[in-house]
Asker: 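I have a structure here, written as structure tokens, and I will follow up with some questions on it.
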2 protein chains.
Amino acid sequence: MNEQLQPLKKPTRTGKAGRSGTQDDIVYAHIFEAILEQRLAPGTKLSEEALGEIFGVSRTIIRRALSRLAHESVVLLRPNRGAVVASPTVEEARQVFFSRRMVERAITELAVEHATAEQLNELRQMVRDERDSFSRGDRGAGIRLSGEFHLKLAEAAGNAPLISFQRSLVSQTSLIIAQYESGNRSHCSYDEHMQLIDAIEARDAAQAVSLMMHHMDHIDSKLNLDEESASDDLHAVFSHLLQTKKRGSSVPAKG
Amino acid sequence: MNEQLQPLKKPTRTGKAGRSGTQDDIVYAHIFEAILEQRLAPGTKLSEEALGEIFGVSRTIIRRALSRLAHESVVLLRPNRGAVVASPTVEEARQVFFSRRMVERAITELAVEHATAEQLNELRQMVRDERDSFSRGDRGAGIRLSGEFHLKLAEAAGNAPLISFQRSLVSQTSLIIAQYESGNRSHCSYDEHMQLIDAIEARDAAQAVSLMMHHMDHIDSKLNLDEESASDDLHAVFSHLLQTKKRGSSVPAKG
DNA sequence: GATTATGCGTTTGTATACAAATAATGCAAA
DNA sequence: TTTGCATTATTTGTATACAAACGCATAATC
């Protein structure tokens, strides 16, 4: 219970703390990554004090990070009852995908118009990184990088509100994939990502949008959204009940 | 300078403070309304301590409210340099409107499918309130209620991510209208709002979307987005220079 | 006289102490 | 044994104290 991760950078409180805002980002990124890696299961309670001790910062910083995660619907913030890792329902997942199709279509059209050569190069590099992560077997990083590709595309589109919305949608999608993706068969999204870049570079809007929509279909089809995801893990099955955290009594193994 | 608004509800700290979260909302709402009423001009600095004294709460609460406003791009949060009322540029305004057209189209289509009779009644009531505000000459409340109509419509559409995005877009639109709307001629949006409800109630998707798009056009056409909004207020005119703050050299009035 | 250096005052960033609420535990009674 | 209640303990909500950063003003130097 009291295994303690080494604080990432904390030792001297006064030494590096000068750069403001950085600590938030680090805590945010680590929690987010832990969720994608499924080291933090949906429903897990995120205690402010425990996290503060782990990361070597005060609850103030943790609170800011949780607030940001909550805004992206990756964690759920319940008044007076703390934060838990979100466990999106099938219906919530469907709503996210509906919004994503809408946004990705717009982003693709704008990117065909506005993406610069430099941005396209950066996108290609991201796809390579993504492919490497999956081939290394680092699924969490792969999912994250796949999301960052779509975020980068939004930046290439150049519409600030869309970028912000896309950030939230991508985060939620990553969580949904981590939670619902069936089988561990390779993601393969990097292949579709590359084709998409080609179409954008060729300024072929129709083709790019078509590829993007098929890409969305593929992501969708890899998920078990038809039924309530017949998991073989009792813990996962009852995670929505366990949110309130009941010591070790979660599995009625004994009685 | 030191005129102090009476604290909204604060007197006994222990008495009512039990309901958590409420204070944030109150502070948020008051600042937001003040911005819409243009009692807080774009570029105005929002000191945490000053606001805390005005509202009778600590900086902690103010900070949360500012954080929320910043997330909706209504205030700008500059690290180590405090918060200022946002002053969206013409380009930013165009981006917001682009996103709004996209979102409103989707929302309208979904609302035609899902809006209940009760929701439609609530929408009609909101339009009446909006009309009353404008006829009272309360422009700020009118702009705010007009925005809340669109937000309510998003709720009727029933897609959570869209609701969240719409909230941000509506806030920004309100700020843009407050900043760029030409002439004080009546808003008249309530008339278009009523027609829109009729079309939704008739489950006429094509008509509803058409009305919504024309409604967007009308809002757009009332704004001075063609040139840099020839304001007669020096403060507003140079607010974009004052943000980054370059000594007093921003206005070469004297030398 | 202009420009850079330095000190002071103000404002924000972070940690922490205290208060309030919620959840857990134990006891008593049916 | 179970159910309800009271007490205890843990956790969150808020305020505040302290530290660091920033802006401004004055002064010193070229």
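To find a chain, count down the sequence lines: A is the first, B the second, and so on, and within it residues start at 1.
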Asker: Look at Arg63(B) and dG13(C) and indicate whether a side-chain polar atom (N or O) is within less than 4.0 Å of OP1 or OP2.
Answerer: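 Yes, such a contact exists.
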Asker: Quick check for you: among dT12(C), dT14(C), dT14(D), whose closest atom lies nearest to any side-chain atom of Asp24(B)?
Answerer: dT14(D)
Asker: Can you list everything that forms a side chain to side chain contact (heavy atoms under 4.5 Å, CB included) with Ser47(B)? Sequence neighbours excluded, please.
Answerer: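 For Ser47(B), the residues satisfying side chain to side chain contact (heavy atoms under 4.5 Å, CB included) (neighbours in sequence not counted) are Glu49(B), Ala50(B).
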Asker: Per the atom types in the model, does the base of dG13(D) pair as donor or acceptor with the side chain of Arg81(A) at under 3.5 Å?
Answerer: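 Side chain to base: no pair present.
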Asker: So which one's nearest nucleotide on DNA chain C is more toward 5', Lys45(B) or Thr60(B)?
Answerer: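 Nearer the 5' end of the strand: Lys45(B).
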Asker: So if I take every side-chain heavy atom of Val57(B) and compare against dA15(D), dG13(D), dT14(C), which nucleotide ends up nearest?
Answerer: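 Given the options dA15(D), dG13(D), dT14(C), the side chain of Val57(B) is closest to dA15(D).
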Asker: From the list dA21(C), dA15(C), dT14(D), which nucleotide is the closest neighbour of the side chain of Asn80(A)?
Answerer: dA21(C)
Asker: Considering only side-chain heavy atoms of Ser58(A), which listed nucleotide, dG23(D), dT16(C), dA15(D), is closest?
Answerer: dT16(C)
Asker: Under a 4.5 Å cut-off applied to non-hydrogen side-chain atoms, are Glu91(A) and Gln95(A) in contact?
Answerer: yes
Asker: In whole Å, I'd like the distance from the CZ atom of Arg64(B) to the P atom of dA15(D).
Answerer: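 Going from CZ in Arg64(B) over to P in dA15(D) covers 10 Å.
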Asker: Check whether any side-chain heavy atom of Phe165(A) sits under 4.5 Å from a side-chain heavy atom of Ser164(B), and report yes or no.
Answerer: no
Asker: Should the pair Glu148(B)-Lys152(B) be classified as a salt bridge under the 4.0 Å nitrogen-to-oxygen rule?
Answerer: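 No, no charged N to carboxylate O under 4.0 Å.
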